[in-house]
Participant: 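Sharing a structure below in structure tokens format, with a few things to ask.
Residues: numbered from 1 along the sequence shown. Note that this is a predicted model, so its numbers are computed, not measured.
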Amino acid sequence: MSTEPADEATSLLDTLRVGIVMLDGNGTVLVWSPTTEEILGWPADDVVGRSIEDFLEGDAAERRARRNSLGRTGSWRGILHIRHRAGRTVEVEGRGSLLRDTDQRPFVLANIMETSRLRAVEHDLAALDALFASSPLGIAVFDTEKRFVRFNEALVRLNNATRTDLLGHTVAELLPAEMAEEVMKIQSRVLETGRSVVDVVTTAPGARGARSVSYSRIADRSGRVLGVSCTVMDITERLEALNKAEAARQRLALLDDVGVALGNLLDVRAISQALADVLVPRFADYAGVMLRGEVAVGGDLPEPVIPVGTPLHLFGFAAREGGERVERLLRLGGEIIYERESLLGRALDTGAPQVATTPEEILRATRPGDPKVEATFELGVHSLMAVPLRARGTVLGLLLVSRSHGDEPYVGEDRALAMELADRAGTFLDNARLYAREREGALMLQRSLLPQHIPEPTGVSIAYRYVPGSSGTEVGGDWFDVIPLPGGRVAFVVGDVMGHGLHSAVTMGRLRTAVRTLAGLDLPPDQLLARVSTVGDDLSHGPDDPLMATCLYAVYEPAPTSAGKRCGVLTMASAGHVPPLIVTHEDDGGCRAQPVDVPSGTPLGVVGPAPDEAYQLAEVEVEQGSVLVLYTDGLVESRGEDITEGIDRVCALLAGPDCHRATAQEGFTWNGAGAYVSPGPVGETGCGGIESACDVLIDSLRRHGSSVNGHLSTGDDVALLMARLGGLPGHTAASWSFTTGSYAVRRAREAVRQTLREWGLRELEETGVLLVSELVTNALRYAHGPIGVRMVRDTGRDPAGHGGVLIVEVSDPLPEPPRERVVTEEQEGGRGIQMVASEARRWGTRHGPEGKTVWFELPLP
């Protein structure tokens, strides 16, 4: 009896296990094969010589039917149920044939097979036949010589061949040479290695679509290689769907990238260039953005459609390949003229994309003979599309894209994508246009609130800059001012309203007006800031928007140059502002810049100590040629840097060699580089020209940070004021001090008369001497200390346009100011002040740390 395991079968018979039984005419078992032993478990020794009926189950009718079939036809086929030696019943399919020997004795030869294995093989064969017959996939089997041995009708149809073309042939006789060579290499590799090759995408014969082909090696159960199987699937539709899905994904990605590239831009030119850069080379080989001129400058767009003949300007351009030809073709800022019937004209008239795909259509893109259009043929352009850029129903310009050389021409899906791109870009461009308009309006308002004329009092040179930050239309509240005061003195002011926006700018204008008004009262700096702070509620925009601002107010009192090296005195008070800087000469010829220690009071509008205690004076003596630098925190504040580091950086710049450059005349204009510059020539300072020094500070600020659309990236404005502090020339100022006594009035009159004659002002001699005499007389009547007399000739013009004046001051240690009274018969006092008030153009009183000063002005002849 064989003991070979079933799973080691080497042929189909081994798999089916066909048992053989031979019976004599009476049904006695004569032969019982080893396979039959495996199937039924009975050894031949136990069965041979016995009747087969001893092992069969079933009734007498079944037995008669089997005998009748053998006797009538000589064969029988059916199902038998035979007892296994182990006691169970085995169902087999049997086939019997009636045989006779030479003596005509009957014998029966029967084959039996287990129905379970037979049905499995039948199912496998049926499935294989069904697969070959009904599968939409092309299936083929190759022998080891790579010849077709079996295939289905689907494979015949996929190859557009006949069965005769395939059977017994190789792919070399069916496919193009290059394709056949590749296929046979794959078949050989699969035969050698046994590793399957799956989903090889190839082009169908005749380029009629795409195929996915897989190869596997075929071997029997003993491992003997029989050949190669092949499945072929037509994936043309699937590949087209995938290509469409990928194209849709790329379109969405392009739209998203356009939104990202343009989303944070608010400059028309920057948006136009960014749009062109994103489209090349993903959507076009060449892309240009052409706009009407009003869009770039923030102008209004009165017509929804651009009138024919309105020139367009190129604001953005990108090309896959640069070079002289491309530069000759398109130049940024260049003007494009077109006709109504041209490609551009039709796109603007209809509001729909227009595509040109023939040389004749491309030649009519703008106007006949346009050299720009003719140059496109040198670049190989074969497809051109013009798409209107619209926003809020108004056409802003055109997006022009083109493809060259081997790229596919523009089709319907490209038109839809271009329209979506243009609509998104149009919205960004219109927002930039509105931004430019609003920003220009905000800056115009802010500039109008800044001083329109900066006086330069005698002995003082001024330079200044105002640079807006980059916070969009949210302008800041930084300001500066220079205010002439009586006696040749001058007030310097710098301030910063907290926050941004038009409210801050308007508040800045109100503060500046309040400071100038109070400066006319000639108040000390601490008192002036205290009064401004007390009216903070009136200057704010309401309880929800209280006033909060910093300010530094400094008064410079020059001295005559004949007084020696000492030049004058700076008296300052600060409302929480950054400290001023003083640049002075050094003995080695260099200069030194350092901050001035000014007590920092509470910001304006902030509730704090009583007004009289909120601010303290700081008094500094300055030498001739020293430079006072006032600024706002935008100059010294930056990300990642402490404000003290910023102040040290500015001091180092002011003391550095770059501040020794010569100065030039500049006009009071917006200089196009983000700065509002001061007019007129100025002199040199101990540290070089102060105009050059201003430029050094502003330029270093841009280098230290960066610029956005031409403006500072600090997000805060910068106000910068520099003043070279000089003395009053000897022919413009004179001062005396008289002790109390009977000769003080006469000596004062003589000193004033002599000085006026030396200055050539005899016309003012009578009035000047008379008024000085009255004021000195009043001082002698009430005061018990020295009396000072000072005269200053100011030949300049004041902000109101008035001519020069003669300023006369009389000082005494008495703090009580004189009052103008109505003179009656009973009250004779007050005639002196009344005379001063009637004869002088202006007069007033100011208080100092050691008394008061009464002054008056007489217009120069």
Side-chain angles (χ1 to χ4, degrees), residues 255-278 288-304 306 310 312-317 332-333 388-399 421-450 466-478 497 499-506 508 634 669-676 702 705-718:
L255 289 171
D256 184 62
D257 290 345
V258 167
V260 172
L262 309 185
N264 62 344
L265 299 177
L266 283 173
D267 179 76
V268 170
R269 291 174 175 80
I271 290 175
S272 301
Q273 188 59 50
L275 175 61
D277 290 337
V278 172
V289 179
M290 299 176 293
L291 304 173
R292 56 198 300 179
E294 300 94 329
V295 178
V297 297
D300 293 327
L301 304 176
E303 311 92 356
I306 299 177
T310 302
L312 298 177
H313 300 272
L314 187 68
F315 285 101
F317 177 69
L332 289 179
L389 293 164
R390 295 170 297 187
R392 301 177 180 90
T394 300
V395 177
L396 308 177
L398 287 174
L399 169 64
L421 289 169
D423 288 343
R424 294 194 181 192
T427 301
F428 285 114
L429 287 167
D430 197 51
N431 288 340
R433 177 184 67 86
L434 296 175
Y435 164 81
R437 185 174 67 182
E438 294 301 320
R439 179 176 176 81
E440 185 59 29
L443 290 175
M444 186 179 299
L445 169 63
Q446 189 177 31
R447 290 198 295 267
S448 68
L449 296 175
L450 290 169
Y466 168 72
V467 185
S470 60
S471 303
T473 57
E474 297 293 301
V475 296
D478 294 16
V497 178
H500 291 85
L502 294 178
H503 281 184
S504 296
V506 172
M508 175 267 286
T669 57
W670 187 254
N671 68 0
Y676 183 54
R702 288 195 177 90
S706 60
S707 61
V708 176
N709 297 337
H711 305 291
L712 295 184
S713 64
T714 59
D716 199 3
D717 297 7
V718 174

Participant: Sequence neighbours left out, what passes side-chain hydrogen bond (donor to acceptor under 3.5 Å, both in side chains) with D277? Give chain and number order.
Facilitator: Q273
Participant: State, with a plain yes or no, whether a side-chain heavy atom of R390 is found less than 4.5 Å away from one of D423.
Facilitator: yes
Participant: Give the minimum heavy-atom separation between L291 and L429, together with the two atoms involved.
Facilitator: CD2-CD1, 3.9 Å
Participant: What pairs with R424 under side-chain contact (heavy atoms from CB on, under 4.5 Å), at least two apart in sequence or on another chain?
Facilitator: L255, E420
Participant: State which residues pass side-chain contact (heavy atoms from CB on, under 4.5 Å) with A261; sequence neighbours excluded, sorted by chain then number.
Facilitator: V278
Participant: Specify the closest pair of heavy atoms between V289 and L399, including all atoms of both residues, with the distance to one decimal.
Facilitator: CG2-CD1, 4.1 Å
Participant: From R292 CZ over to T394 OG1, what is the distance, rounded to the nearest 0.5 angstrom?
Facilitator: 8.0 Å
Participant: Can you name the salt bridge (charged side-chain N to carboxylate O under 4.0 Å, His left out) partners of R269, sequence neighbours left out?
Facilitator: none
Participant: Suppose we screen for side-chain hydrogen bond (donor to acceptor under 3.5 Å, both in side chains). Which residues come up paired with R392, at least two apart in sequence or across chains?
Facilitator: D430, N431
Participant: Could you grab the distance from atom CG of L262 to atom CG of D257, nearest 0.5 Å is fine?
Facilitator: 10.5 Å
Participant: Quick check for you: to the nearest 0.5 Å, what is the distance between D267 atom CG and F315 atom CZ?
Facilitator: 10.0 Å
Participant: If I compare all heavy atoms of A274 with all of L265, which pair ends up nearest, and what's the gap?
Facilitator: CB-CD1, 3.8 Å
Participant: I need the minimum non-hydrogen distance between A391 and G426, along with the two atoms involved.
Facilitator: CB-O, 3.4 Å
Participant: At what distance, to the nearest 0.5 angstrom, does CE of M290 lie from CZ of F317?
Facilitator: 11.0 Å
Participant: When rounded to the nearest 0.5 angstrom, what is the spacing between OG1 in T427 and CG in L396?
Facilitator: 9.0 Å
Participant: Any idea which heavy atoms bring A425 and L389 closest together, and the distance?
Facilitator: CB-CD2, 4.1 Å
